[in-house]
Amino acid sequence: MDFDLAIVGLGPVGAVAANLAGQQGLKVLAVDKLAQIYDKPRAFGLDHEIMRVFGNIGIAGDIAKHIMPYRPSEYHTSGARVLKRIVAASPPFPLGWEANYVFSQPAIEAALRQKAQSNPNIQVELATTVLDTVRMDGGHQLHLRAASGEERRITARYVLACDGGSSPLRAKLGLEMEDLLFDEPWLVVDVLVDPNAVDRLPATNIQYCETERPCTYVVGPGRHRRWEFMINPGEAPDELAQPQAVEKLMARWLAPHEYEFWRASAYRFHALVLQRWRADNIFFMGDAAHMTPPFMAQGMCQGIRDAANLIWKLALVNKGHAPDSLLNSYEQERIPHVRHTTLVAKELGRVICERDPAKAALRDERMLAEMERNPSPTIRQSLIPGLSCGFVAAAGQASAQGDLFPQPMVSNRNGQAGLLDEVTGMSFRLVVAHDADCSSWQQAASHWQRQVGIPLVLIRLVEGQNPSDLQHDFDVLESDGVLKKWMTDRECKVVLVRPDHYVYGACATFAQGTDLLHHLQQHLATTAA
């Protein structure tokens, strides 16, 4: 095979997949039909799980000036009555990053591509079209055409289809998507606001749940602001996207001289989930696998979770450390997660998109009553589930399966300090409480690595404030108590963590911990088809 992995489509999802695969030592070809990054903003929100992935890739510092914490969201009905509030989680932050951000997509994509192009394991080819894919023994042959017209064929063991919502690869294979019954036309408008006018705009994000024309206002980084307007029956989307029409829509907030028009694009907001995410050795991710209404700012997040979920599994199988059937856990885990998140976004969209005045009045009455009974806002991240099934410990073997593992600030005895992933890496991790028998766990971890052939990082969480309390190279001292609280709340002393930071399983005693290690070894060797 020419490559271990061919990635078709180098948007943010494909670029994250390429970077993660390159870090895992896979030989990667990443192609995109466009010669340049699309220079207009599309995705607008990301969360702490995605920032953790960006940190793992090594671009968090590069993109800092292009992101901003996500503002609280309010749902307003006519007369500016507040129907609902959604806010981000408060510190201390469990994953080491603020819970939600807005960002500038072109800048993020540029950082991802630059990082990929600097990795010797990754070959990036832009202005390159995939004309065809053919199944062959052990992989696929891809027929490519460069901008010059030159055509050639390459082979790859695995193919990732990151080729967007219209996905030619998905269409070629005739794969069907489950329709979750949401299909609404909207116009998305991005502008750069004049500095003198910024302070007159709302400081929070607002969903205007008004029957005449539902719309959304989102505060972006710097002077960037976004409005989304529902397209009324009889309106032509292309005409509504013209500058003069946009000026009329924007007049409620700004005069034309108070902003710089960036773009206006009409979309249909869909709720769709691919029924099969794997066809032989072709895997679908991002918009090629699912489309989510934007009301939770989770569209791009969903795709990056896809990449983080699959790439470490591909690497294990490619290196012979796990059977091919491990790859079936990709769709087993991701489909329920994506479906749940998409349905939540759909229901929020239903609140916003109600056009019938009588039904809207009933909605307002119900939601205002709920606000009176429980004025506390909804925490945005509480709407995002963990993993409900797949490559995690079986029921009865452990607890906390499928939870996201925290990432506190830690330091070790070598003087290294930083977020947990920076200090310990991103392999399988075995985390034990402060009163663990260190020599026994060192032996257990070393034995497991020899038997399985996969790195397993041992981490002992030390209680105390003094670096002198760190007796071993695998000891860490955390600064904010996030991890200690997490383990105390779950009454666990041993945690096995996957490379994508989801918990394989946790248990209350050290004896159960050795059993859990054994279960993981067996699970890797005999992953069910």
Side-chain angles (χ1 to χ4, degrees), residues 13 43-51 70-77 82-89 94-95 99-102 165 177-184 186 188 204-209 214-216 218 228 230 267-275 277 285-287 289-306 308-309 331-354 359-360 363-364 366-367 370-371 374 376-390 402-404 502:
V13 174
F44 204 51
L46 55 88
D47 63 25
H48 58 176
E49 189 177 353
I50 306 312
M51 276 304 299
Y70 208 92
R71 299 284 176 87
S73 295
E74 293 185 351
Y75 289 63
H76 288 190
T77 188
V82 178
L83 298 174
K84 186 180 183 68
R85 290 187 176 92
I86 300 180
V87 300
L95 301 192
N100 301 92
Y101 295 87
V102 286
M177 301 190 85
E178 178 188 9
D179 189 342
L180 299 181
L181 303 178
F182 190 92
D183 182 7
E184 300 289 356
W186 283 70
V188 178
T204 63
N205 304 325
I206 299 178
Q207 304 283 1
Y208 295 93
C209 307
C215 59
T216 299
V218 187
E228 297 169 353
M230 198 169 182
Y267 293 92
R268 297 201 74 87
F269 291 167
H270 291 294
L272 302 169
V273 181
L274 190 61
Q275 295 178 354
W277 290 32
M285 61 177 54
D287 286 353
H290 43 77
M291 280 172 268
T292 303
F295 306 110
M296 284 179 63
Q298 283 291 308
M300 188 189 76
C301 296
Q302 303 262 56
I304 291 177
R305 287 193 192 95
D306 297 343
N309 182 288
E331 67 174 34
Q332 291 168 1
E333 294 173 356
R334 292 299 302 138
I335 287 178
H337 191 286
V338 164
R339 199 173 187 279
H340 175 97
T341 306
T342 302
L343 287 172
V344 173
K346 169 190 167 180
E347 289 310 307
L348 292 176
R350 289 291 184 212
V351 170
I352 300 158
C353 294
E354 182 57 67
K359 291 180 179 179
R363 173 204 65 196
D364 295 352
R366 172 179 56 83
M367 295 183 70
E370 289 176 359
M371 284 283 290
N374 182 16
S376 299
T378 299
I379 304 300
R380 186 176 296 275
Q381 286 311 111
S382 70
L383 303 174
I384 310 298
L387 300 182
S388 59
C389 58
D403 287 357
L404 265 173
Y502 281 89

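One side chain, His290 or Asp306, offers a donor N or O that lies under 3.5 Å from an acceptor on the other.
Comment: Glu184 does not engage Lys346 in a salt bridge, judged by the lack of any side-chain N to carboxylate O separation of less than 4.0 angstrom.
Side-chain contact check for Asp403 versus Tyr502: every heavy-atom pair is 4.5 Å or farther apart. Within the 4.5 Å cutoff, the side chain of Val87 has heavy atoms near those of the Ile379 side chain. Counting only heavy atoms from C-beta outward, the side chains of Arg363 and Cys209 approach each other to under 4.5 Å. Contact of the Gln381 side chain with the Asp47 side chain is registered, since non-hydrogen atoms from C-beta on lie closer than 4.5 Å. You'll find the side chain of Met296 reaches within 4.5 Å of the side chain of Ile384, heavy atoms only. Side-chain contact between Lys84 and Val351 is absent, with no heavy-atom pair separated by less than 4.5 Å. In this structure, the side chains of Leu348 and Tyr75 come closer than 4.5 Å at one or more pairs of heavy atoms.
When each of Thr342, Thr341, Asp287 is paired with Thr292, the side-chain hydrogen bond (donor to acceptor under 3.5 Å, both in side chains) condition holds for Thr342 and for no other.
For the ring pair (Phe, Tyr, Trp, His ring centres under 6.0 Å) test, residues two or more places apart in sequence or in another chain that qualify with Phe269 are Trp186, Phe295. Partners of Glu49 under the salt bridge (Lys or Arg N to Asp or Glu O under 4.0 Å) rule, at least two apart in sequence or in another chain, are Arg305.
Residues Ile335 and Gln275 approach most closely at CD1-O, 3.9 Å, considering heavy atoms. Nearest heavy-atom pair across Asp179 and Phe182 is OD1-N, 4.0 Å. Across every non-hydrogen atom of Glu178 and Arg339, the tightest pair is OE2-NH2, 2.7 Å. Across all their heavy atoms, Glu333 and Cys389 have their closest contact at CG-O, 3.2 Å. Nearest heavy atom pair, residue Ala89 against residue Ala99, reads N-CB, 3.8 Å. Across all their heavy atoms, Cys353 and Pro214 have their closest contact at CA-CG, 4.2 Å.
A distance of 7.0 Å separates CG in Leu180 from CG in Leu272, rounded to the nearest 0.5 Å. To the nearest 0.5 Å, atoms OH (Tyr101) and CZ (Arg71) are separated by 14.0 Å. Distance CG/Asn100 to CD/Gln298: 7.5 Å, rounded to 0.5 Å. A distance of 11.5 Å separates CE in Met51 from SG in Cys301, rounded to the nearest 0.5 Å. Atom-to-atom distance recorded for Arg380:CZ and Ile86:CD1 is 5.5 Å, nearest 0.5 angstrom. Note that CD1 of Ile352 is 12.0 Å distant from OG1 of Thr77, once rounded to the nearest 0.5 Å.
Between the side chain of Arg334 and the backbone N or O of Gln302 there is at least one donor-acceptor pair closer than 3.5 Å. Listed for the Glu331 side chain is a donor-acceptor partner under 3.5 Å among the backbone atoms of Trp277.
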Original post:
Should Thr204 and Arg85 be marked as a side chain to side chain contact (heavy atoms under 4.5 Å, CB included) after you check the CA-CA gap, both sets of side-chain angles, and the distance that decides it?
Top reply: CA-CA 10 Å; Thr204 63; Arg85 290 187 176 92; over 6 Å; no

Subject >> salt bridge (Lys or Arg N to Asp or Glu O under 4.0 Å) assessment of Glu370 paired with Arg366 >> reply: CA-CA 6 Å; Glu370 289 176 359; Arg366 172 179 56 83; 3.6 Å; yes

**OP:** Please lay out, stage by stage, how Met291 and Met177 fare under the test side chain to side chain contact (heavy atoms under 4.5 Å, CB included).
**Re:** CA-CA 10 Å; Met291 280 172 268; Met177 301 190 85; 4.0 Å; yes

**OP:** Please lay out, stage by stage, how Tyr70 and Asn205 fare under the test side chain to side chain contact (heavy atoms under 4.5 Å, CB included).
**Re:** CA-CA 9 Å; Tyr70 208 92; Asn205 304 325; 3.0 Å; yes

Subject >> side chain to side chain contact (heavy atoms under 4.5 Å, CB included) between Val82 and His76, worked out >> reply: CA-CA 5 Å; Val82 178; His76 288 190; 3.8 Å; yes

